[in-house]
Structure formats: C-alpha cells, structure tokens
Amino acid sequence: QLQLVESGGGLVQPGASLRLSCAASGRTSRPYSVGWFRQAPGKEREFVAAISYDSWTTNYADSVKGRFTVSRNNANNMVYLQMNSLKPDDTAVYYCAVGSYTSVSARTYRYWGQGTQVTVSS
C-alpha cells in the first residue's frame, strides 16, 4: 500500500509559478504511474497531468499544456508538478494519485493523497 502527501500549494497572483510535490511512502509490487488531478469548488475532479514510472510517457490536459510540467525522481519517491503562467481558472485543490497507467480517468488510480490548495488571485 502507498501513502501520498502533496505539498507546495498556496496563494499566488496570475502569471506566477508554483511547484507542487507529491511524496510517496510505503511499498508497491509493481512500478506505478502518477497522475495529478484537481477539483475546484462546485466542479468535478478533473485530470491535469500524468507520468509513467520511467518518465518516458507524460500526458497533459489541454488546459495546461505548455504551462505545466510533470516530473519525477524515483530515487526519493517524489513526483512534481511545475505550474507556470498560472491563471485564476487554475484555482483548485490539487491531488496526486497512483495507478498503473498514465490515464486521464480518476477511476484507474488506486491511491490518493489528501490534496493541496492552489489559489490564483490578484
């Protein structure tokens, strides 16, 4: 079983950058992919980005392509989401999750963190 803890959220102005971190602990029997999702108030959880275990495969939502970058360091069990040119529409609670594939569907991810709040406002 894996435990995930997100960090790095905060309040920033439009155009600013943030880097979210996802720390994984525990054991898993197979290499895993990690996805980032977000949920804004009154909206459904939506896919943001995902990365395969070997980092060869990444996947991004159209709304964040060119602004967000997902990366990972398997040596210390960390996954990152670099967010640049942030917009008010990026305001949400951001979650990392572990699954077998770089899927856009939340149902394919088995383990989830508690989330970190990102607020983009002037």
Side-chain angles (χ1 to χ4, degrees):
Q1 187 169 352
L2 288 178
Q3 293 79 43
L4 305 174
V5 178
E6 303 93 339
S7 61
L11 171 63
V12 296
Q13 293 187 339
S17 297
L18 277 177
R19 188 177 81 155
L20 303 185
S21 298
C22 174
S25 61
R27 298 184 63 180
T28 181
S29 61
R30 63 184 69 183
Y32 54 88
S33 295
V34 175
W36 286 95
F37 290 78
R38 66 187 182 187
Q39 187 165 19
K43 295 186 178 181
E44 294 186 355
R45 191 169 297 189
E46 65 173 358
F47 171 79
V48 176
I51 186 168
S52 61
Y53 182 80
D54 54 16
S55 299
W56 286 4
T57 301
T58 57
N59 195 4
Y60 295 94
D62 288 343
S63 59
V64 306
K65 279 181 181 177
R67 300 189 298 123
F68 291 12
T69 303
V70 61
S71 62
R72 67 190 295 167
N73 183 335
N74 291 332
N76 60 12
N77 296 322
M78 295 293 295
V79 178
Y80 306 99
L81 184 67
Q82 178 67 43
M83 306 186 297
N84 299 329
S85 303
L86 283 162
K87 305 175 182 180
D89 284 349
D90 295 318
T91 296
V93 177
Y94 283 71
Y95 302 86
C96 64
V98 162
S100 299
Y101 310 101
T102 54
S103 171
V104 303
S105 172
R107 292 180 296 176
T108 66
Y109 292 84
R110 182 173 183 182
Y111 301 110
W112 291 80
Q114 294 300 307
T116 184
Q117 176 71 47
V118 172
T119 303
V120 185
S121 175
S122 55

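We count residues from 1, following the sequence as given. This one's a predicted model, so the numbers in the text were calculated from it and none came from an experiment.
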To the closest 0.5 Å, what do you measure between OG (S55) and CG (N74)? 6.0 Å
Note: R72 and I51 closest approach over all heavy atoms is NH1-O, 3.5 Å
N84 vs S17, test: side chain to side chain contact (heavy atoms under 4.5 Å, CB included). Steps then yes/no. CA-CA 4 Å; N84 299 329; S17 297; 2.9 Å; yes
Sub-3.5 Å donor-acceptor pair from the side chain of T91 to the main-chain atoms of V120, do we have one? yes
Where do G9 and V118 come nearest, in terms of heavy atoms and distance? CA-CG2, 4.1 Å
Separation of Y80 OH from T69 OG1 (nearest 0.5 Å): 14.5 Å
Distance (rounded to the nearest 0.5 Å) between F68 CZ and L18 CG: 9.0 Å
Just wondering, do S121 and L11 contact through their side chains at under 4.5 Å, heavy atoms? yes
V12 with V48, same ILVMFWY side-chain cluster at under 4.5 Å: yes
Parallel under 30°, tilted from 30 to 60°, perpendicular over 60°: which one fits the rings of Y53 and Y32? perpendicular
To the nearest 0.5 angstrom, please state how far the CZ atom of R19 sits from the CE atom of M83. 11.5 Å
Shortest non-hydrogen pair, W36 vs V79, comes out as NE1-CG1, 3.7 Å
Determine the interplanar angle of the F37 and Y109 rings, folded into 0 to 90°, and report it as parallel if under 30°, tilted if 30 to 60°, perpendicular if over 60°. perpendicular
Interatomic spacing from CD in Q39 to CD in E46 - rounded to 0.5 Å: 9.5 Å
Taking 4.0 angstrom as the limit, do K87 and D90 come out as a salt bridge? no
Heavy-atom closest contact (Y60 atom, A49 atom, distance): CD2-CB, 3.6 Å
Close side-chain approach of P88 to P14, heavy-atom, < 4.5 Å: yes
Hey, is CD on Q114 packed in by over 12 heavy atoms from elsewhere, all under 6.0 Å? no
To the nearest 0.5 Å, how far apart are OG in S25 and CD in Q1? 10.0 Å
Give the minimum heavy-atom separation between G113 and E6, together with the two atoms involved. CA-OE2, 3.2 Å
Note, L4 side chain near Y95 side chain (heavy atom, < 4.5 Å): no
Same hydrophobic cluster for F47 and W112, using side-chain heavy-atom links shorter than 4.5 Å among ILVMFWY? yes
Minimal non-hydrogen separation, S85 against R67, with atom names: O-NH1, 3.0 Å
Honestly curious: do Y111 and V93 fall in one hydrophobic cluster under the side-chain, below-4.5 Å linking rule? no
Quick check: do M78 and S21 have side-chain heavy atoms less than 4.5 Å from each other? yes
